[in-house]
Amino acid sequence: MATCCFRACSSLVFSASSSKPEDSISRRRMSCVLLPLQRRSFLMKSSNGHPLNAVSFQDGLSENSPIEDQIGHLSESKHNETTISITVVGASGDLARKKIFPALFALFYEDWLPEHFTVFGYARSKLTDEELRNMISGTLTCRIDKSENCGDKMEQFLQRCFYHSGQYNSEDDFAELDKKLKLKEEGRKPNRLFYLSIPPNVFVDVVRCASRHASSPTGWTRVIVEKPFGRDSDSSAELTRCLKQYLSEDQIFRIDHYLGKELVENLSVLRFSNLVFEPLWSRQYIRNVQLIFSEDFGTEGRGGYFDSYGIIRDIMQNHLLQILALFAMETPVSLDAEDIRNEKVKVLRSMRKLQLDDVVIGQYKGHTKGGKSFPGYTDDPTVPKNSLTPTFAAAALFIDNVRWDGVPFLMKAGKALHTRRAEIRVQFRHVPGNLYKRTFGTDLDKTTNELVIRVQPNEAIYLKINNKIPGLSMRLDRSNLNLLYSSRYPIEIPDAYERLLLDAIEGERRLFIRSDELDAAWAIFTPVLKELDTDKVAPELYPYGSRGPVGAHYLAAKYNVRWGDIGDEN
Ligand SMILES: NC(=O)C1=CN([C@@H]2O[C@H](COP(=O)(O)OP(=O)(O)OC[C@H]3O[C@@H](n4cnc5c(N)ncnc54)[C@H](OP(=O)(O)O)[C@@H]3O)[C@@H](O)[C@H]2O)C=CC1
Ligand SMILES: O=C1O[C@H](COP(=O)(O)O)[C@@H](O)[C@H](O)[C@H]1O
């Protein structure tokens, strides 16, 4: 990546996809209601993507090209149709197998993909089409609640999947890919989506090769870029600069899969479509907000990647901060992507840079429980024995604006903890002059309202309230007004990658991160990350499977806060 500036990079970009997407969400909904039997995504395509007369900077089909010869028999009508080619770069990898191919299949199964589409896997591993299909077939699943024709649908999907082996920095290999794509596109107007499911050191190589040799000659070309987007402000800005030598900002879809999670998507609905929440959404009524991520497993298998990033970069700077921005932003002018992203940037730019005093870091150590041994972080053979990389962090962040002045936004993220969960907790202020304070005793904190948005697992939104226990005496009780998704909506919730892939196909950028958002996000964390590195701050050790370092409680106490997840197993 760092070498990109020394290459003779063309300043030409992929054929741009600059037209404004329609409100595809409402279109989606309408299509479900009105046209259940049609291929729904066709309703959305026309205005999303691309000017019809887009010009490519790549050589298009020349009159006598071999490809043209091969597709020359195609009827005129196909030239008026569109098709989409989705290339998963890094197809042999973990994310591609576990998430991307299954998400594409789920979209196909539910008829969200256009009628004409092809999926290509691209990686260095030598695989045949059949071997790719065998590899991914093991990971495809049908929804539990809809499994008719599952086997047939899988077969149909797999027949649309192909593989091309190539190096990530070889322009020739991408030119070969382009030929294969053209064959499958059969003369239709192609739109092309590249998913970079590869380590970040090869992002720019791939974008350079693909832009020069495999961009769509007449349709749109978009690139989904996976995190990490750099490791601090400078490296992130450099990555953006390099990508923009080949792509316009419109074509870059920086993915943060937490933004595709159902409950994160619902956050704005909850807040902006319910009168009971929005008026309370400020320092006047909210005492603190907590963003909690925990996993009950370690870095197993990903220690190599993780050790150069650590939990702050892996989870806080992106997933939790994105949720925070959505939670705290002002009402956007509309649901248009740019309006929403403008509001998110404003909040991020109003945030104070994180101070070292407001951070606690930890690292898990080996632990034996019930006769079973769990490895410590540094027992991972891909992790240096003396690594100081945090696998846990807690942080107190502040937004210095009118709405949130003085309200602590506490983040906590950790691996190898006692439970797996991701949630947002909103702790409200005490009720002024509370009539029932005598009944509550002295610990008023225990009686304040708390809104919990449980992102996973077992999605739910619940509000802790005080209630009278039925009977003749006046006894109060804490109860939950509980919207438990599994009871209210007994359907399988789509995986985040499904929503995000569909949005990228439709050109809907709302859930992807714009470069100025990224800059603002790194500005908050970069100084403290530098201090942790240069001062070689040692993380507090915590046993695998525990609740993490005790320092997290002191940090919360400094701001008069109690972590809401302690003692709340709901
Ligand atoms: N896995 C996950 O759960 C998540 C991953 N991500 C991000 O997604 C991307 C892909 O992740 P993941 O699938 O886990 O990654 P992998 O380590 O599995 O790499 C993907 C593919 O890239 C190729 N590759 C691996 N290492 C190198 C290297 N040093 N140089 C060049 N090519 C290499 C390999 O393919 P081949 O050898 O065949 O070319 C490999 O199959 C990364 O950016 C990661 O940070 C983000 C969120 C979660
Ligand atoms: O981005 C990442 O996310 C996963 C957690 O994702 P989830 O959807 O399973 O909650 C995390 O394990 C990984 O370290 C990180 O890179």
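The structure displayed is predicted, hence computed values, not measured ones. Worth knowing before you read on, the calculation uses all heavy atoms, side chains too, and leaves out hydrogens, waters and symmetry mates. Heads up: numbering here begins at 1 and tracks the sequence. Counting starts at 1 for both ligands and their atoms, in listed order.
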re atom 20 (C) of ligand 1, the protein heavy-atom contact at minimum distance is Ser197 O, 3.5 Å
One finds that the ligand 2 atoms under 4.0 Å from a non-hydrogen atom of Lys415 are 11 (C), 12 (O), 13 (C), 14 (O)
Exercise for the section: Report yes if Tyr497 has an N/O atom closer than 3.5 Å to an N/O atom of ligand 1; otherwise report no. Expected result: no
Numbered in order shown, the ligand 2 atoms found under 4.0 Å of a heavy atom of Gln456 are 7 (P), 10 (O)
query = Between Ile198 and ligand 1, does any nitrogen or oxygen pair lie at a separation below 3.5 Å?
reply = yes
Ligand 2 atoms nearer than 4.0 angstrom to some heavy atom of Lys227 are 1 (O), 2 (C), 15 (C), 16 (O)
Among non-hydrogen protein atoms, atom 7 (C) of ligand 1 lies closest to Lys227 O, 3.4 Å
In terms of its nearest heavy atom to atom 4 (C) of ligand 2, the top option of Glu295, Lys98, Arg302 is Glu295
Item to check | Donor + acceptor pair across side chains of Asp307, Thr389 (<3.5 Å) | outcome: yes
With only distance considered, is Lys98 within less than 3.5 Å of ligand 1 through an N or O on each side? no
**Prompt:** Are Arg133 and Phe162 in a cation-pi setup, meaning NZ or CZ lies under 6.0 angstrom from the ring centre and within 45 degrees of the ring axis?
**Reply:** yes
heavy-atom search around atom 29 (N) of ligand 1 in the protein gives Asn201 ND2, 4.2 Å
**Report entry** Flag: protein heavy atom within less than 4.0 Å of atom 17 (O) of ligand 1
**Finding:** no
Ligand 1 atoms nearer than 4.0 angstrom to some heavy atom of Asp94 are 1 (N), 2 (C), 3 (O), 13 (O), 14 (O), 18 (O)
Modelled atom types, side-chain donor and acceptor of Ser515 and Lys244, under 3.5 Å:
yes
Just checking Lys353: does its NZ atom have more than 12 heavy atoms from other residues, nucleotides or ligands closer to it than 6.0 angstrom? no
Ranked by distance from atom 38 (O) of ligand 1, the top protein heavy atom is Ser125 OG, 2.4 Å
query = Looking only at N/O atoms, are Tyr305 and ligand 1 under 3.5 Å apart anywhere?
reply = no
Any heavy atom of Arg124 under 4.0 Å from ligand 1? The part involved is both
| said: Quick test of your reading of the model: are Arg208 and Glu171 salt-bridged, counting only N-O distances below 4.0 Å? | reply: yes
The protein heavy atom nearest to atom 39 (O) of ligand 1 is Tyr168 OH, 2.6 Å
For Ala123, the ligand 1 atoms with a heavy-atom partner under 4.0 Å come out as 38 (O), 39 (O)
> In terms of ring plane angle, is the pair Tyr497 and Tyr195 parallel, tilted or perpendicular, where the classes change at 30° and 60°?
Replying inline: tilted
Numbered in order shown, the ligand 2 atoms found under 4.0 Å of a heavy atom of Lys261 are 7 (P), 8 (O), 10 (O)
* To do: Verify whether one side chain among Tyr122 and Ser165 offers a donor that lies under 3.5 Å from an acceptor in the other.
  => no
Side-chain donor-acceptor contact under 3.5 Å, Asn288 with Gln290 = yes
**Item:** NZ/NE/NH1/NH2 to OD/OE distance under 4.0 Å, Lys412 and Asp565
**Value:** yes
>> Is Tyr309 close enough to touch ligand 2? Criterion: a residue heavy atom under 4.0 Å from a ligand atom.
In response: no
Query raised in the report: Counting only non-hydrogen atoms of the protein, does one fall under 4.0 Å from atom 45 (O) of ligand 1?
Result: yes
(Q) Do Thr526 and Ser233 pair up side chain to side chain, a donor and an acceptor below 3.5 Å, judged on atom types alone? (A) yes
Can a side-chain donor-acceptor contact be found between Tyr168 and Asp173 if the only test is distance below 3.5 angstrom? no
So the atoms of ligand 2 within less than 4.0 Å of a heavy atom of His319 turn out to be 1 (O), 2 (C), 3 (O)
(Q) Please check this pair: side chain of Arg313 against backbone of Gly230, looking for a donor-acceptor N/O pair closer than 3.5 Å. (A) no
Q | Basic-acidic side-chain contact under 4.0 Å: Glu450, Arg425 | A | yes
re atom 11 (O) of ligand 1, the protein heavy-atom contact at minimum distance is Leu95 CB, 3.9 Å
Ranking Glu226, Lys99, Arg302 by closest non-hydrogen atom to atom 5 (C) of ligand 1, top hit is Arg302
With a 4.5 Å cut-off on side-chain heavy atoms, are Gln322 and Glu517 touching? yes
Subject >> Side chains of Glu185 and Ser85, donor plus acceptor under 3.5 Å >> reply: yes
**Prompt:** Is the closest side-chain donor-acceptor distance between Asp296 and Thr419 under 3.5 Å?
**Reply:** no
If you compare His257, Lys99, Arg421, Arg420 by their heavy atoms, the one closest to atom 3 (O) of ligand 2 turns out to be His257
### Message
We want to know whether Glu238 and Ser235 form a side-chain donor-acceptor pair, criterion being a heavy-atom distance below 3.5 angstrom.
### Response
no
Ranking Ala91, Gly90, Pro199 by closest non-hydrogen atom to atom 28 (C) of ligand 1, top hit is Pro199
Atoms of ligand 2 under 4.0 Å from any heavy atom of Asp314, numbered from 1 in the order shown, are 13 (C), 14 (O), 15 (C), 16 (O)
among protein heavy atoms, the one nearest atom 10 (O) of ligand 2 is Tyr258 OH, 2.4 Å
among protein heavy atoms, the one nearest atom 36 (P) of ligand 1 is Ser92 OG, 3.4 Å
For ligand 1, is there an N or O atom under 3.5 Å from any N or O atom of His257?
-> no
